Protein chains: 2
Amino acid sequence: MNEIFKTHLEKFIKIDEREFGEILKFFRIQSVPAKQNLLEEGKVCRDYYFVLKGILRLFFLNEKGVEQTTEFAIETWWITDNMAYEHGRPSSFSIQAIEKTAFLSISRENQENLLREFPKMEHYFRLIYQRAYAASQMRMKYFLSYSKEEFYFSFVKSYPEFVQRVPQYLIASYLGFTPEYLSEIRKRQIS
Amino acid sequence: MNEIFKTHLEKFIKIDEREFGEILKFFRIQSVPAKQNLLEEGKVCRDYYFVLKGILRLFFLNEKGVEQTTEFAIETWWITDNMAYEHGRPSSFSIQAIEKTAFLSISRENQENLLREFPKMEHYFRLIYQRAYAASQMRMKYFLSYSKEEFYFSFVKSYPEFVQRVPQYLIASYLGFTPEYLSEIRKRQIS
DNA sequence: CGGTCTCTTGACGGAGTTCAAAGCTAGTGG
DNA sequence: CCACTAGCTTTGAACTCCGTCAAGAGACCG
């Protein structure tokens, strides 16, 4: 399972077996069943998660008490409440497994030590954050430029795997509208 | 003017006068009047911008030909089309000065060389991207949890300086609605 | 003081929400 | 392997937030 992480790292940095072993020591490997929470809104956010197998989602409860999903993470994606993680503060989000999920986790202290000891990991994380930020910048663009209907179809086209693996009401939530409206959109397309 | 950059850097890394001089060589310093573009949609995005004095905005033309602003940058903020910058591709956005603006710019090749030569700058940029990503994650949360009216008032509260310095129609655009509706919201509040 | 850019007003329409109920599907235990 | 149940998806009707359009009122600049 750890091989997934090694293969992923090698896309960004050169790394040998011994080094990888040293790096792994900073992480914990865990596995949770579907529906289980890794982090709960209001609790201090200590860890950053890397998905090895499965899907996680990030969400919060809006004022009506409805869960609002804002991010998914599949294999080789990182996920956390970054603001809370960085400042060691209570989280504004919860994180939950959608499928049975295996993942690595690293605490902020461990991450700091890791980056100090392995400058190539500083390089790696700089690239990871840079890409994550670039992706979220584009997401905001799509969000503002498309109608909800166009937004849904562009999402399906870009991430067909999500539509397979994630229930529709979560996709609707992620895209910022109701499951009822998503159902209506889909009906239009089929006919 | 360069002192602004040095003071900013010192919040993240230790740096002496000689080193700062070396680092500065990777940048160009420029100044543009209000309304001038630094980057135009469709043209290759080569530079990353750091605002010393003034305000920049990032925007694109939607299908109706209306400018949609998605980001502002004031003093000590970085701004670019990150996706295009990273891949050296044509930009999906334009960047324009709102006020007369002085800024530093660095090309991607220069940034790569800078980070290779000064590992502490790799550390600096890792932190910058991490924060930018965390902020955009929270922005998405606000975007999805608030009504347009609440979103406007929370924005005014968090960034009063923007409301002072930026015309209302740009703020409306940034928040994802029309200047007419913003006007209506403001009328409600006053009465 | 003229002209252009920005902000306000109001009438109307439509995209998307809400609520309630029925139809499906998949997982679970017997 | 079937039956039951809980959770997910679909339907439809009423409603509302917000966009569109068009016109007027300020404000700022040369």
Side-chain angles (χ1 to χ4, degrees), chain A residues 32-37 54-55 57 59 61-69 72 96-101 142-156 162-191, chain B residues 33-37 55 57 59 61-70 72 96-100 142-156 162-191:
Chain A
V32 294
K35 302 269 176 187
Q36 185 158 319
N37 282 13
I55 307 190
R57 72 183 177 108
F59 68 97
L61 287 185
N62 66 23
E63 51 257 55
K64 286 164 198 148
V66 178
E67 291 181 0
Q68 173 74 54
T69 296
F72 298 115
Q96 190 182 63
I98 295 177
E99 306 170 351
K100 176 174 189 306
T101 301
Y142 294 140
F143 210 92
L144 290 166
S145 58
Y146 291 153
S147 72
K148 307 236 154 164
E149 177 165 0
E150 291 169 326
F151 197 38
Y152 170 69
F153 287 117
S154 80
F155 176 77
V156 170
F162 281 92
V163 184
Q164 304 280 333
R165 291 169 69 180
V166 175
Q168 283 183 29
Y169 72 98
L170 290 181
I171 289 176
S173 172
Y174 174 76
L175 297 175
F177 50 86
T178 60
E180 291 93 334
Y181 192 61
L182 176 53
S183 182
E184 194 181 321
I185 288 171
R186 284 163 50 86
K187 187 173 54 169
R188 281 183 218 159
Q189 181 66 357
I190 292 154
S191 52
Chain B
K35 302 270 176 185
Q36 185 160 318
N37 282 13
I55 306 190
R57 72 182 177 108
F59 68 96
L61 286 185
N62 66 22
E63 50 256 52
K64 286 164 198 149
V66 178
E67 291 181 359
Q68 174 74 54
T69 296
T70 61
F72 298 114
Q96 190 183 62
I98 295 177
E99 307 169 350
K100 178 176 188 302
Y142 295 140
F143 210 91
L144 289 166
S145 57
Y146 291 153
S147 72
K148 308 236 153 166
E149 178 166 358
E150 291 169 324
F151 195 39
Y152 171 68
F153 287 117
S154 78
F155 176 77
V156 170
F162 281 93
V163 184
Q164 303 281 333
R165 292 169 69 180
V166 175
Q168 283 183 26
Y169 69 97
L170 290 181
I171 290 176
S173 171
Y174 173 77
L175 297 174
F177 50 87
T178 61
E180 291 94 330
Y181 191 62
L182 176 52
S183 183
E184 194 181 320
I185 287 172
R186 284 164 51 85
K187 187 172 54 170
R188 281 183 219 160
Q189 180 68 355
I190 292 156
S191 55

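Chain A is the first sequence line, chain B the second, and so forth, proteins listed ahead of strands; every chain is numbered from 1. Being a predicted model, the structure only gives us computed values, none of them experimental.
- Within the 3.5 Å criterion, the main-chain N or O of A:Thr69 finds a donor-acceptor partner in the side chain of A:Ser173.
- Remark: the backbone N or O of A:Val32 is not paired with any side-chain donor or acceptor of A:Thr101 at under 3.5 angstrom.
- Under the 6.0 Å cut-off for aromatic ring centres, B:Tyr174 and B:Phe155 qualify, their centroids lying closer than that.
- A donor-acceptor pair under 3.5 Å links the side-chain atoms of A:Gln96 to the main chain of A:Lys35, judged by distance alone.
- Here the side chains of B:Ser154 and B:Tyr146 are in contact, with some heavy-atom distance below 4.5 Å.
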The contact string for nucleotides 25-30 of chain D, one letter per nucleotide 5' to 3', using protein heavy atoms under 4.0 Å with B, S and - for base, sugar-phosphate only and none, comes out as ------
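- Formation of a donor-acceptor pair under 3.5 Å by the A:Glu150 side chain with backbone atoms of A:Ser147 is found in this model.
- When each of B:Phe143, B:Phe177, B:Tyr142 is tested with B:Phe151 by the rule ring pair (Phe, Tyr, Trp, His ring centres under 6.0 Å), just one qualifies, namely B:Phe143.
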Heavy-atom contacts, protein to nucleotides 4-20 of chain C, under 4.0 Å, summarised as B (base), S (sugar-phosphate only) or - (none) per nt, yield --SSBBS----SBBBB-
